[in-house]
Asks: 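After the structure tokens below, expect a handful of questions from me.
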Amino acid sequence: MMIDIANSPLFLVFAVVLILETLKTLGLGTATALRRQKTSRYINPEDAKWLGGEAVEVDHPDAARMFRAQRNNLENLVPFSLLGILYIIIGANLYAGIVYFTLFFMGRIAHTYAYLSEKPKFRRDAYSLGWLSCVLMSIHILIALASQML
Amino acid sequence: MMIDIANSPLFLVFAVVLILETLKTLGLGTATALRRQKTSRYINPEDAKWLGGEAVEVDHPDAARMFRAQRNNLENLVPFSLLGILYIIIGANLYAGIVYFTLFFMGRIAHTYAYLSEKPKFRRDAYSLGWLSCVLMSIHILIALASQML
Amino acid sequence: MMIDIANSPLFLVFAVVLILETLKTLGLGTATALRRQKTSRYINPEDAKWLGGEAVEVDHPDAARMFRAQRNNLENLVPFSLLGILYIIIGANLYAGIVYFTLFFMGRIAHTYAYLSEKPKFRRDAYSLGWLSCVLMSIHILIALASQML
């Protein structure tokens, strides 16, 4: 089956989630750099010399937290994007797709909020939501591919 | 040339490798979190307070190993996915594609096993297999694009 | 609108940038491993035992720098690739696309050079170039999707 990807409503939802999550990741990267500057502790000695601060081997806890929030975002964006692209290419169910993409998006927005506001239980639950979305998509795609082959 | 991606046998192999590698990455992420809990050493102070453990700046070696295995998986999944998508879009040779994808998959399964079971020589060889698959795909795509332009 | 992606000139530019940036990321990964070997300090105790060196919890500064250059490359390759794929799928403007892709590529080549040669100001400017390319692409895609819906 050949689908006109750019005009599918699922692609629209996917594209918006992807762009917002990508901008969040880029924003957290910038926030990490600004936090390093605020704490005046730099991983690169040349930065410490340039901006006047201390050269360290391990980030200041505040910058390290921001960095971990960004890294976690990126680590989840990669599986989600790959599975989402596969899901759209095989032309799987529209409504299930919207549920998966929305679930992921809500989970990841909540995760970033929980990470930065230091709410561990909420962070774990938010993480599980994004994780669940990816696992459900994986199973859905595998079943769709298997049934297509029979 | 326009190909019906969803029905190409190469896409099927690619999709299965991608899903299994994505699930492995997600699984290693969960295993890292569980390992942190088992060693009772947490990077986030709020986690240490919540779950009753020690707040540290550098992970326990066991959790750090699991994390590195996951990170290495993700770092290789990204190049592979991007090259694989390009390879399929340009409609390059089916059999070579199956060899590249299988090579990568075998290399990465072996790499995770070697990392977790602490076999350095095997880990290096497994890594090289996945690495080689990506480099061969890159060259293949560049040549295909160049010959298409002539 | 359905476009023959593999034959679009924008896809060609995208594919070349993607392959070169992917090879750079893989190369920096290999360079990190070689640097560890040169400094004889290993994160994995089994590597230290195998290759005869010291087992450490934090990398030698030289290896850590190479690793950060690689990680930064990968962290920017992911947003760029995802946005680039969306941009091509929606069939957005060819010339703007070439500008975005070229901007990103120039920024990232400059960033790796600046990181390894320890030029902090140049590194920040190069990073901003790649960052700007991604933000502009995001806005462009969002506007294109919105105007398509009206």
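Owing to the predicted nature of the structure, the values given are computational and were not obtained by experimental measurement. Residue numbers start from 1 in every chain, and the chains themselves are labelled A, B, ... in the order their sequence lines are given, proteins ahead of strands. Keep in mind that the numbers below use all heavy atoms, side chains included, and drop hydrogens, waters and symmetry copies.
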Asks: Where do Glu46(B) and Tyr115(A) come nearest, in terms of heavy atoms and distance?
Replies: OE2-O, 4.3 Å
Asks: Give, as side chain, backbone, both or neither, the part of Ile43(B) having an atom under 4.5 angstrom from any heavy atom of chain A.
Replies: both
Asks: One thing to verify: whether Asp47(B) and Arg123(A) come together as a salt bridge, which I'm taking to mean a side-chain N less than 4.0 angstrom from a carboxylate O.
Replies: yes
Asks: Side chain, backbone, both or neither: which part of Phe11(B) has a heavy atom under 4.5 Å from chain A?
Replies: side chain
Asks: What is the minimum heavy-atom distance between Leu26(B) and Pro79(A), and which atoms define it?
Replies: CD2-CG, 4.2 Å
Asks: Could you pull out the closest heavy-atom pair between Asp59(A) and Glu57(B), with the gap in Å?
Replies: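 Taking Asp59(A) first and Glu57(B) second, the nearest heavy atoms are O-OE1, 4.1 Å.
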Asks: How many angstroms lie between OH in Tyr127(A) and OG1 in Thr30(B), if you round to the nearest 0.5 Å?
Replies: 5.0 Å
Asks: Please classify the contact between Glu21(B) and chain A as side chain, backbone, both or neither, with a heavy-atom cut-off of under 4.5 Å.
Replies: neither
Asks: Show your reasoning for whether side chain to side chain contact (heavy atoms under 4.5 Å, CB included) applies to Asn44(B) and Arg68(A).
Replies: CA-CA 10 Å; Asn44(B) 290 306; Arg68(A) 285 196 304 276; 2.5 Å; yes
Asks: Let's go through Lys119(A) and Trp50(B) carefully: what are the C-alpha distance in whole Å and the side-chain angles of both, what is the deciding distance for side chain to side chain contact (heavy atoms under 4.5 Å, CB included) to 0.1 Å, and is it a yes or a no?
Replies: CA-CA 9 Å; Lys119(A) 302 196 186 332; Trp50(B) 175 39; over 6 Å; no
Asks: Please flag which part of Met149(A) lies under 4.5 Å from any non-hydrogen atom of chain B: side chain, backbone, both or neither.
Replies: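 Side chain only.
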Asks: Working to the nearest 0.5 angstrom, can you tell me the gap between Ser138(A) OG and Leu23(B) CG?
Replies: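 Between Ser138(A) OG and Leu23(B) CG, I get 4.0 Å after rounding to 0.5 Å.
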Asks: Taking atom CG of Leu86(A) and atom CG of Leu18(B), what is their separation to the nearest 0.5 Å?
Replies: 5.0 Å
Asks: Once you round to the nearest 0.5 Å, how far does CD1 of Ile141(A) lie from CD1 of Ile19(B)?
Replies: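 The CD1 atom of Ile141(A) sits 4.5 Å away from the CD1 atom of Ile19(B).
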Asks: One pair to check against side chain to side chain contact (heavy atoms under 4.5 Å, CB included): Thr25(B) and Glu75(A). What are the steps and the verdict?
Replies: CA-CA 9 Å; Thr25(B) 301; Glu75(A) 279 176 12; over 6 Å; no
Asks: Using a 4.5 angstrom heavy-atom cutoff, name the option from Val135(A), Leu142(A), Asn72(A), Leu82(A) with the most pairs to chain B.
Replies: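 It is Leu82(A).
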